[in-house]
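Below is one structure, written out as structure tokens; the observations come after it.
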Amino acid sequence: DSGVTQTPKHLITATGQRVTLRCSPRSGDLSVYWYQQSLDQGLQFLIQYYNGEERAKGNILERFSAQQFPDLHSELNLSSLELGDSALYFCASSVTPQGGQETQYFGPGTRLLVL
Amino acid sequence: DQQVKQNSPSLSVQEGRISILNCDYTNSMFDYFLWYKKYPAEGPTFLISISSIKDKNEDGRFTVFLNKSAKHLSLHIVPSQPGDSAVYFCAASGNQFYFGTGTSLTVIP
């Protein structure tokens, strides 16, 4: 158990809909990262938050947005969903912002299926 | 553009033998490298890391080697055990983390 929690574990929805994925980082971790893993793909970095502020952006679509709240949990919002958004979405956390030799600890993921 | 590449999607090894998983990267500015292990329906689990100032790091049965001139790192597992069967991702740290596409290791009893 990494200490990172994600809800829900599974999500089935229809095209055009909007969903929210939630992540609680490990106790004491200030950084939260979101990744997408599509079939046969590696982990694609989406976005990072550090202590409530956006820190880095990766390959995140404009239809997707995220935020980190004062209690440090984070939510990833996916809107106008398309079939191609079906994937595993992982959240990871670390103590410091990127730049140091920091290890990220991953949650169990949310499996999203768009029908 | 894939900055971290794992060119072998899968690898099968007999129990007790050595498993060698390879990873190549393109950005010479990467200064920290990690290996993660992932079981089905679980998130990646940190396994071992290495700083760019070292060329080897060992933790029990797991050793990571870094060849900076070749921009290549490898993970050695000796001896391999059936419980090691999983997908292994290498990652490199720059301004963000970059992950490879993973190598699925099967250890045959």
Side-chain angles (χ1 to χ4, degrees), chain A residues 1-10 21 23-26 29 31-50 54-60 87-113, chain B residues 1-10 21-27 29-54 57 59 62 64 66 68 73 75 86-104:
Chain A
D1 183 0
S2 67
V4 179
T5 61
Q6 288 187 249
T7 56
K9 287 195 78 169
H10 303 276
L21 313 183
C23 168
S24 292
R26 293 187 319 158
D29 284 1
S31 266
V32 170
Y33 308 78
W34 286 98
Y35 291 88
Q36 179 192 57
Q37 185 185 17
S38 302
L39 194 64
D40 295 333
Q41 297 290 315
L43 291 155
Q44 298 294 319
F45 169 67
L46 295 178
I47 196 165
Q48 178 202 357
Y49 278 80
Y50 174 72
E54 183 183 303
R55 181 84 180 182
K57 240 176 179 176
N59 300 321
I60 188 166
L88 270 168
Y89 291 84
F90 289 104
C91 164
S93 74
S94 65
V95 174
T96 67
Q98 198 56 36
Q101 295 186 350
E102 190 66 40
T103 298
Q104 295 182 13
Y105 294 88
F106 283 80
T110 293
R111 183 174 293 277
L112 173 67
L113 180 59
Chain B
D1 180 30
Q2 195 75 23
Q3 297 202 40
V4 176
K5 296 178 185 176
Q6 293 176 259
N7 292 319
S8 298
S10 62
L21 296 98
N22 293 305
C23 179
D24 297 296
Y25 60 96
T26 58
N27 190 338
M29 299 300 290
F30 290 150
D31 60 359
Y32 189 54
F33 303 88
L34 308 91
W35 284 93
Y36 284 83
K37 180 165 91 170
K38 185 182 180 303
Y39 292 117
E42 294 184 13
T45 304
F46 169 71
L47 194 57
I48 192 170
S49 63
I50 187 167
S51 163
S52 60
I53 63 173
K54 294 185 172 182
N57 189 26
D59 183 3
F62 302 91
V64 55
L66 176 62
K68 288 187 291 293
L73 68 155
L75 174 68
V87 177
Y88 290 79
F89 290 97
C90 68
S93 173
N95 59 335
Q96 62 177 257
F97 266 47
Y98 296 88
F99 283 84
T101 51
T103 296
S104 178

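Here is how names work: the chains are called A, B, and so on, in the same order as the sequence lines, proteins then strands, and each is numbered from 1. Nothing here was measured: the structure is a model prediction, and the numbers come from that model.
Ring geometry for A:Y33 versus B:F97: interplanar angle of 30 to 60°, hence tilted.
Counting heavy-atom pairs closer than 4.5 Å to chain A, the top-ranked of the candidates B:G100, B:G102, B:P44, B:G43 is B:P44.
If you take OH on A:Y35 and CZ on B:F99, they are separated by 4.5 Å, rounding to the nearest 0.5 Å. Atom CG of residue A:L43 and atom NZ of residue B:K38 lie 8.0 Å apart, to the nearest 0.5 angstrom. With rounding to the nearest 0.5 angstrom, the CZ atom of A:F45 is 8.5 Å from the OH atom of B:Y98.
Under the 6.0 Å cut-off for aromatic ring centres, A:F90 and B:F89 do not qualify, their centroids lying 6.0 Å or more apart.
Partners of A:D29 according to the salt bridge (charged side-chain N to carboxylate O under 4.0 Å, His left out) rule, which considers only residues two or more places apart in sequence or in another chain, are A:R26. The side chain to side chain contact (heavy atoms under 4.5 Å, CB included) check on B:E42 picks up B:Y39, with sequence neighbours excluded.
For A:S2, no part sits under 4.5 Å from any heavy atom of chain B, backbone or side chain.
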